[in-house]
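Just so we're on the same page: letters track the sequence lines, and every chain starts at 1.
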Amino acid sequence: MKIIKFAVLAACLLFGYHTEVFAAGSCFQCHSRQGFTKKFVHEPATREQCRECHNPHVSKHKGLLADEKTALCYGCHQELKETLKAAKVTHNPFAGGECLVCHDPHSSTKKGLIRESETGSVCFDCHEELATQFKYRHQPFASGNCQVCHDPHVAERIQLLVDDPDRLCVSCHRADIEAAHKKFSYKVKEEGCLTCHNPHGSDSASLVRKVLHAPYQDDCGTCHNNGRIAGVEKCLECHDQIGEKLSSIHGHLTSKGGNGCINCHSPHASDFDNMLRNRQSQVCRKCHSDTWDVYIDKPYKHPDAEVCSNCHAPHGSNYPVMLKDDGNATCSSCHETQGTFTHPVGAGVVDKRNGQIMTCVTCHYPHGTIFEANLKLSGSMELCVECHKNY
Amino acid sequence: MKNIATNNLPTERRMRVQLFSSFLAVLSVLVFSIGTAKAAGGWTWQFDLASSDKNTPFQMITSLYISAENERFYVVEAGGNSLHSYQFDGEFLNTFSPEGALAQPFDMARQGTSGELWVIEKGRNSLTRIDLQAQKIVPEELHAEGRLVYPERLILDEDRVYVLDRLSGNVITYDHDLKVLHVLESPAAGGGFVDFVVKDNEIWALDARMARVHTFNADGGSGRALSLAGYDFSFPVALEVGPSGFIYILDKHQGSVAVFDGSGEFKYNFFEKGHDKNSLYLPEDIVFDPLGRLCVVDGGNGRVGVFSR
C-alpha cells in the first residue's frame, strides 16, 4: 500500500513539475513573443502563465482556450460580471461576452489592453458612421478617447454616457462658456449644449450643428421672452399642421413641463432630420427604453425597427400604440399581400379571446421576438392553439 | 381514520371506496387548480363591460367613470366617439353617441346635482359639458398660468374640477366656473404626472418617469413623496389608492398591476400581458368601485374587466 501511495505522489510531483516548466517557457519555443512585448501586457502573460487562459493539450474552444471565452474573462474580472447584472444600458459586445472585440488578451500599446485599430480607435471599427472626417473635431473624439464621455461597458444613460450630457460638457468647458457666447444678448446657461453643438465634430466652427432653426438664426427673442421659453403654442404658430396631431387620442405631449416639442426636437440646431435632438431611435429610446430592451437582442427583428416613424405617428394618433393607421393598414402599407393568402384578418374576423377584430399584431410582435416572422409564440403550434384549442 | 374504516370492508368494496376516494381527490385538485387559475393575485374575474354589439367591438376605450349615486358604470370609447353606461351588475344600459357631437372623448365625470356629463374631448382639446335633458353640448378650452391646457384626466367633486394637463404634467384644480385654484407640479426636476386620484380631500399623483407618488392637500400644499421601490416598471400609466391605503400602479406595457404599501414599498403584482380573462393588453386605467371591486380599462382587449377578491 505504501509503495502505491509513494508511486502516486511521485507521479504527481513529476507531472506538476513538468507542466510548470512547460508553462514557464515552452510556449514561446513555438509561439512568437512579439505579441507580448507591447507597453501594456495582460497580467498572466507577464508571468508567462499561458495556462491560465489556454489548455496546452486539448480544448473544445478555439485557440485552445481553457474555457468559453466569457467565462474565462469573468474568471478573474468578476467585478465586471457583477456590473453586467445590475446594468441599465450595456455595450453590445460586453453584454454578449465578446471582450476581444475591444481588448487584446496578450498586450497592447493602449491602456486597458484596448485593441489597436487602423481606424485610429477600436470604437470606429464598429461605429463606422462616427468616423466621418469633420472639418472641426472635438479633441477627445479626434484622439479616439471616446471613454472620456462614454463608458465602454455599462452606463445608467443611453448611448453609454458616463454622466448627464450637460454636466459632461461643463466639466471641461465651464471656463469657456461665457466668452464663447458673448455675442448673444442674454446669458447662456450651462445646459442644453447639444441643442447647438455636435459633441463629435462639425464642419462649422465651435462644432455648431449643420441645420439651424430659422428663429435661432434671426432672433432669439422669437422664442425666448424675458428668460421664459415659449410654449408649444409658439411652435404651432409656424408648425400648425402638428397641432391637429397633438389633439389625437394619443397625443404625444410628454407630461414633462415646459415646451413638449423640445423634448424631441432641438430648438436651435440639428444634424438630424426634422431637427431631432439625436438619431430617431435614440430620441425615442430615451423614454421608451422598455420597448427597445424587449426587441433589440432578439434574433427576429423587423427591418429598420429603429426607424420608429415607419409605423408610428410621432406626434399623435387615433390608433393603438400611436400607429399611423390600424393594425392591418399600417402593416399592409409595406406588406401588400398580407391578409390575402394568410390567416384572415380585418373586419368580421374576430379574436376569440377578446372579441377584438384580428389584425397582424394579433399574432406578430412587429419589433422583434425569438420566433420566426416575429411571431408572438411558436408558429409550429403554440400560437395557433391559443385560439384553435380543439386542434 | 379513513384507512381504519376501509380496512374493515370486504376487498371488492374497499377497492371501490378507494377508487372513489382517489377520484374525489383528483377532482378536488382539478377544481382547486381551475379556481386558482382564474384568480390573479387573489382577484377573480366577475364580468366584463364590453360592447353591446358583438360585431362592433370597442375601439380604444380609455377610461371608466363610476357613479356611486346612480350606481352606474360609464365606459368612454375614444375610438368610437361614444359613452356607454352599465348597471353595477354589468348589464348594459345605453350608448351615448350623437352623430358628430363627440370628438375622441377620453375621460368623463358626472355632475351629481345636475346630472350633467363633463367630458374631456381630445379631438377638440376641450372640457365639454353635456346637458342631456336640454340636449346642449358646450366645449370649453382650458387655460392655466397663461397657457393652453391639454386635458387628459378629469375628476369632479362638489365644488372642484381636477384636470391633468398632458402638456405640463401638472394637476390643475379649478372651481366649477373653471377659474384656476391651484397648479400642482411634480417637485422632481424633469418630472410630470401621468395620472392622479382624489381620496378624502387628498390628491395622489403619479410621476411615472420618477416612479414616485406625490400627495397634495386640498389647498394645494405639498404632502408626501413616496418612491415606489422594489419593482421594475416598464410603462406605468395609472394609479389607484385601495380601500386599505395600498397604492395600485397599472403598467401598460407589462399588462400588470403592482401594489405598494403606504410607505411605497412593493408588496406584490398581479395580471400578466395577454388576452384571456385574467390578462391585460395595453390597459389604460384602474378604478375601485364602491363595492371594492377592481375595474381595469383594458384597451387592447376592448373591455373593462371587473374583478373581486
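Across all their heavy atoms, Gly302(B) and Gln356(A) have their closest contact at CA-NE2, 3.3 Å. Here the closest non-hydrogen pair linking Cys287(A) and Arg209(B) is SG-NH1, 3.3 Å. The nearest pair of heavy atoms linking Ser247(A) to Asn125(B) is OG-CB, 4.0 Å. Gln104(B) and Ile249(A) get closest at one heavy-atom pair: CG-CG1, 3.2 Å. Considering every non-hydrogen atom in both Asn354(A) and Arg303(B), the closest pair reads CB-NH1, 3.6 Å. When all heavy atoms are compared, the tightest approach of His253(B) to Thr291(A) is CE1-OG1, 3.8 Å.
The parts of Ser234(B) that come within reach of chain A are both its backbone and its side chain, each placing non-hydrogen atoms under 4.5 angstrom from that chain. With a threshold of 4.5 angstrom between heavy atoms, Val294(A) does not approach chain B through any atom at all. Only the side chain of Tyr281(B) comes within contact range of chain A, with heavy atoms under 4.5 Å apart. Of the atoms belonging to Glu233(A), it is side-chain heavy atoms, and not backbone ones, that fall under 4.5 Å from chain B. Heavy atoms of Leu236(A) lying under 4.5 Å from chain B belong exclusively to its side chain. Contact annotation for Asn301(B): both backbone and side-chain heavy atoms come within less than 4.5 Å of a heavy atom of chain A. With a 4.5 angstrom heavy-atom cutoff, Leu282(B) touches chain A only via side-chain atoms. Heavy atoms of Lys352(A) lying under 4.5 Å from chain B are absent altogether.
Aromatic ring pairs are classed by plane angle as parallel below 30°, tilted from 30° to 60° and perpendicular above 60°; the pair Phe106(B) and His250(A) is perpendicular.
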Next on the checklist: Evaluate Phe233(B) against Asp290(A) for side-chain contact (heavy atoms from CB on, under 4.5 Å), listing each step before the verdict.
Outcome noted: CA-CA 9 Å; Phe233(B) 288 111; Asp290(A) 68 306; over 6 Å; no
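Dense packing is recorded around CG of Asp53(B), with more than 12 heavy atoms of other residues, nucleotides or ligands lying under 6.0 Å away. Under a cut-off of 6.0 angstrom, the local environment of NZ in Lys376(A) is crowded, with over 12 non-hydrogen atoms contributed by other residues, nucleotides or ligands. In the displayed structure, Lys286(A) atom NZ is contacted under 6.0 Å by at most 12 heavy atoms of other residues, nucleotides or ligands.
Proximity of a side-chain donor or acceptor of Arg166(B) to a complementary backbone N or O of Leu253(A) within less than 3.5 Å is detected.
Between chain A and the residues Lys277(B), Arg124(B), Met60(B), the largest count of heavy-atom pairs under 4.5 Å involves Met60(B).
From Ile357(A), atom CD1 reaches atom OG1 of Thr56(B) across 7.5 Å, with rounding to the nearest 0.5 Å. To the nearest 0.5 Å, atom CG of residue Asn318(A) and atom NZ of residue Lys122(B) are 9.5 Å apart.
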